[in-house]
Amino acid sequence: MTIEEIRTGLLKKEFSAVELAEQYLARIREKDQELHAFLNVTEKLALAQAREIDEKIARLPARQATGEELPPLAGVPCSVKDAILVEGVLCTAGSRMLENYIAPYDATVVQKIKKAGALIVGKTNMDEFGMGSSTENSAFGPTKNPYDPTRVAGGSSGGSAASVATGECAVSLGEDTGGSIRLPASFCGVVGLKPTYGAVSRYGIIAIASSLDQVGPMAKTVEDCETLFHVIRGKDPMDSTSVESKISNDEFLISKLRIGVPKEYFGEGLDPQVEKVIRGAIEKLEHAGAKIIEVSLPHCSYALADYYIINMSEISANLARYDGIRYGASVSGGNLLATYMRSRGEKLGAEVKRRIMLGTYALSAGYYEQYYVKAQKVRALLRKDFDQVFEKVDVIAGPVSPFLPFKIGEKVGNPLAMYLVDMYTVTLNLAGLPGLSVPAGSVQGLPVGLQLIAPAFQEQTLFETGKAFEKIRTF
Ligand code: GLN
């Protein structure tokens, strides 16, 4: 159900919030054995929150049946990526290192969705510490693609995307450092937004790469994504990088929209079947009245290399805290150094170790200037590419992923092949820009997402374009 359908049903007393929660929890029991979208189902929490909503509805005066006093997510079942803290609930980030970690407080985004009346149904599967594009790097096993269980759901927020796609929840909170919301949204046929860097608080999120990380909404429709975004966004005194953005109320007319199509996004590496769906989507927008303009992002071929240097460097710094003494699981080695080595050696997975080692190398004396500093300069060039394009267009459109959802096991042994999946998504994290993935069509029954990109803090343009596209797409 959509947020609006849930709200109307609750107000008309077609069902209670407890009945609704029970239905969704039953759906999880039915589907998740095979799908593995959830690491932990928070049944008691969801039911307690549902009872509160039912009490609130019972107290509404009869003439108040419009529900103005009902918060925006009242009774909406929501799953939460396991990198986001929910007080009193296990939070593993997909890692054995945190297999026993109970979150001592709520992330700001969780406080906000609780206050807005959402029912938290569980914590979703992810690649270990968000490192991966398929959830195969989860220490607890992969999430399957709801459209074909032999294929991946995408990652790292694969559990969030799959849980929305199968109706195990209505909406989800994901996290995107280099595509982790948009890619699984594309692979599972749902909508996902990576907000502008700073639009949403990162307080209470397990840090991966702090200059790239951003929490965002995932849902079945653009409208639901928009509603959830407005609940979680805003300045937070606990995160100094967060800002209060102004929401534009300008009238949106598709006939006035200028859409940039970067020629570099349709070159080498793009599966022709994916290209056909994306080009078809852009044509539909053109028929609806939008002006299509070919643009160029000349530095985007450096984005992937740039991203992986910055990502790994920041990971090596952020993950230093998991030493078995200060944070994380501890495996005693008899003395301090051996305890550090055994804890990290046994509790972190191969991809995490690879990135810590490469990142430490890139930051070390003698190499720092050559790698990290240079990567920051390239990052500035990428941002400039976008600034120049946005002088001529309102949004940019292109693919989310160069390929269709691939087979489980197909790429997991080859890190470079896995990194290539991120070629269209990481650029936005480097430039700090918002990006929306909207289902655009399918190939052999597998979903393909269209990526829409806007200038910083112009999420509203993405929502309006996305909603207009949902009306004209045909599948
Ligand atoms: N595929 C990206 C990576 O492995 C995803 C990161 C993310 O967004 N958490 O770094």
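Note: hydrogens, waters and symmetry copies are ignored here, and every other heavy atom, side chains too, is used. We count ligands from 1, going down the list as the structure has it; atoms in each ligand are counted the same way.
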Problem - Within 6.0 Å of NZ in Lys235, more than 12 heavy atoms from elsewhere - result: yes
Just which atoms of ligand 1 are under 4.0 Å from any heavy atom in [X]?
| X | result |
| --- | --- |
| Asn311 | 10 (O) |
| Gly132 | 1 (N), 2 (C), 3 (C), 4 (O), 5 (C) |
| Gly130 | 5 (C), 6 (C), 7 (C), 9 (N) |
| Asp176 | 8 (O) |
| Met131 | 4 (O) |
| Gly179 | 8 (O) |
| Glu175 | 9 (N) |

Handout entry: Residue pairs fulfilling side chain to side chain donor-acceptor pair (under 3.5 Å) with at least one residue in residues 82-98, sequence neighbours excluded
Key =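 Only Asp82-Thr92, Asp82-Lys123, Ser95-Glu128, Arg96-Glu99 qualify under side chain to side chain donor-acceptor pair (under 3.5 Å).
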Handout entry: Pairwise side chain to side chain donor-acceptor pair (under 3.5 Å) hits with a residue in residues 395-417, at least two apart
Key =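 For residues 395-417: Thr150-Lys407.
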Handout entry: Expected output: side-chain Asn125 to main-chain Gly141 donor-acceptor under 3.5 Å
Key = yes
Handout entry: ligand 1 N/O within reach of Gly178 N/O, cut-off under 3.5 Å
Key = yes
Exercise for the section: Report yes if Ile208 has an N/O atom closer than 3.5 Å to an N/O atom of ligand 1; otherwise report no. Expected result: no
Practice task
Write out the residue and atom name of the closest protein heavy atom to atom 10 (O) of ligand 1, then the distance separating them to 0.1 Å.
Solution key: Tyr307 OH, 2.6 Å
Handout entry: Identity and separation of the nearest protein heavy atom to atom 5 (C) of ligand 1
Key = Ser180 OG, 3.2 Å
Handout entry: Glu226 with Lys467: basic N within carboxylate O range, under 4.0 Å
Key =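 Lys467 and Glu226: salt-bridged.
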Practice task
Decide side chain to side chain donor-acceptor pair (under 3.5 Å) for Ser79 and Glu168; before the verdict, give the C-alpha distance in whole Å, the side-chain angles of both, and the deciding distance to 0.1 Å.
Solution key: CA-CA 8 Å; Ser79 66; Glu168 292 175 314; over 6 Å; no
Fill in the blank from the handout: Contact region, Asp422 to ligand 1, non-hydrogen atoms below 4.0 Å, reads side chain
Exercise for the section: Give the single entry among Gln214, Met418, Lys81, Arg355 that approaches atom 4 (O) of ligand 1 most closely by any heavy atom. Expected result: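 It is Arg355 that holds the nearest heavy atom.
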Exercise for the section: Rounded to the nearest 0.5 Å, what's the gap from NZ on Lys353 to NZ on Lys347? Could you check? Expected result: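 So the NZ of Lys353 and the NZ of Lys347 are separated by 11.5 Å.
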Handout entry: Interatomic distance, Lys112 atom NZ to Lys115 atom NZ [nearest 0.5 angstrom]
Key =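 If I round to the nearest 0.5 Å, the distance is 9.0 Å.
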Exercise for the section: Mark the output for Met126 as yes if a heavy-atom distance to ligand 1 is under 4.0 Å, and as no if none is. Expected result: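 No, Met126 has no heavy atoms under 4.0 Å from ligand 1.
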Handout entry: Pair Tyr322 and Phe129, ring centroids less than 6.0 Å apart
Key =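 That pair passes the under 6.0 Å test.
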